Amino acid sequence: MPIAASVKEIMNNKGSSVIRKMFEEGIALKAKYGEDNVFDFSLGNPDMAPPKEVYQAVQEVAKDENPSRHGYMPNAGYMETREAMAAKINKEQNLQGEGKLCGKNIVMTVGAAGGLTCICKAIISPGDELIVPTPFFAEYRHYCGHFGGKLVPVKSKKDFSIDVEGIKKALSEKTAAVLINSPNNPSGKIYSEEEIRELAKVLKEHGEKCGRKPYLICDEPYRAITYDGKKVASAFPLYNESMVVTSFAKNLSLPGERIGFVAVNPKAEDADELVAAIIFANRTLGYVNSPAFFQKVVAKCWDAKVDYSTYQNRCKMITKVVANAGIEFVQPEGAFYLFCKAPLPQKEENKKYILKNDDGEYCDEFAFCDHMKKYNVLCAPGSGFGCPGYYRMAFCVSEKTISGCEESLKKAKETW
Ligand SMILES: Cc1ncc(COP(=O)(O)O)c(C=O)c1O
């Protein structure tokens, strides 16, 4: 059999492949019905142009005809870029004194995804566990699974804040790390400083008791995109064994350029060894280094911004549209996703999609997402994110798409 059984199994898994499949279906539907008649909320692909500073930096870097510009480099990236990323983290997180980062605490990676995969390679041995609060970015399962690790989802509280007690119960000597993502994809939740402080306390106590200190990994590609003045807390001052992984995919609208980095807390006990292990992973996983051209670009324009108020306006629009359709959702505090509860069916023929778990009845969201497709509305089912009964609407789409979907959404709900 040419394909590895493990890969085949994952590829056939409904939850794991559905978002990308949906994206492709969206393209086919648009070709059939026209762009304006399809409401595609399936993928978190920013539609806003990168800021002008990015284009300026691209032109400046392109002018440099030094042949070494396109050559190999140290696997961690250019030192000038690493220094710039350290300055970015210090500024955003207001880090002072001993807690301040410098270039040697940074590894440039192939997006946040490449960074997370390198971290997993560096810290996970077969049988180790990676704890994640639900809901979580669906790809975490694979980043961790590649190295024989097991993802351990811990159900969040009803308001989608972290259940620290739940995480405490899930910790064991097999726990390599706890991975949090704030603002969260898909819930839009921002974890409060108090929650992270409590989590840090539990991790410290566990480390002292069992002799293995779990890392705290903060996946923060949406840090800059927050609503109503909300701020994302910094974990570095609260827990030494911590790392931030991020990218310029969302804040500068550069997902295709695959430019990101990992920042290791300089106060971590094994900070230098950890950086060395992540660099080793970057090299041997075949990434070798983060893209050379865009390392030069972001070193110049890391402080630029797209107009995040556009996302805030879209957030207001989509919450109104979805509320008008009578569908419940989690109020986003950041990122650009709306996490909705699939409504329980009212039509007799759809009642077979009412399922049950410990919390009571819920709707099979795969069936509701399929039903919405009949009205050309495409959304991502929540099971892949560890939350059956929910679905995600990515609102990094035009205002026209958002307002245009209201009637279709209402019809989908009425006929369900
Ligand atoms: C929570 C989260 N982490 C990581 C990533 C990967 O980001 P990148 O495109 O920078 O690899 C994404 C992308 O959507 C994401 O939503």
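Keep in mind that what you see is a predicted model, and the values were worked out from it rather than measured. One-based numbering, in listed order, for ligands and for the atoms of each.
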Flag side-chain contact, heavy atom, 4.5 Å: Val54 against Glu257: no
Validation row, ring centre Phe248 to ring centre Phe294 under 6.0 Å: no
Distance-only donor-acceptor check, side chains Glu333 and Asn184, under 3.5 Å: no
Whether over 12 other heavy atoms sit under 6.0 Å from Glu205 CD: yes
Criterion ring-ring contact (aromatic ring centres under 6.0 Å, His included) against Tyr391, the qualifying member of Phe368, Phe339, Phe329, Phe41: Phe368
Give every pair made of an N or O atom of ligand 1 and a protein N or O atom lying under 3.5 Å apart, one pair per line with both atom names and the distance to 0.1 Å, or write 'none'.
residue: ligand 1; atom: 3 (N); partner: Asp219; partner atom: OD1; Å: 3.4
residue: ligand 1; atom: 3 (N); partner: Asp219; partner atom: OD2; Å: 2.5
residue: ligand 1; atom: 9 (O); partner: Arg258; partner atom: NH1; Å: 2.9
residue: ligand 1; atom: 10 (O); partner: Ala112; partner atom: N; Å: 2.9
residue: ligand 1; atom: 10 (O); partner: Ser247; partner atom: OG; Å: 2.7
residue: ligand 1; atom: 11 (O); partner: Ala112; partner atom: N; Å: 3.2
residue: ligand 1; atom: 11 (O); partner: Ala113; partner atom: N; Å: 2.8
residue: ligand 1; atom: 11 (O); partner: Arg258; partner atom: NH2; Å: 2.7
residue: ligand 1; atom: 14 (O); partner: Tyr222; partner atom: OH; Å: 3.4
residue: ligand 1; atom: 14 (O); partner: Lys250; partner atom: NZ; Å: 2.9
residue: ligand 1; atom: 16 (O); partner: Asn185; partner atom: ND2; Å: 2.8
residue: ligand 1; atom: 16 (O); partner: Tyr222; partner atom: OH; Å: 2.7

Beyond-backbone contact of Met243 with Ile278, side-chain heavy atoms, under 4.5 angstrom: yes
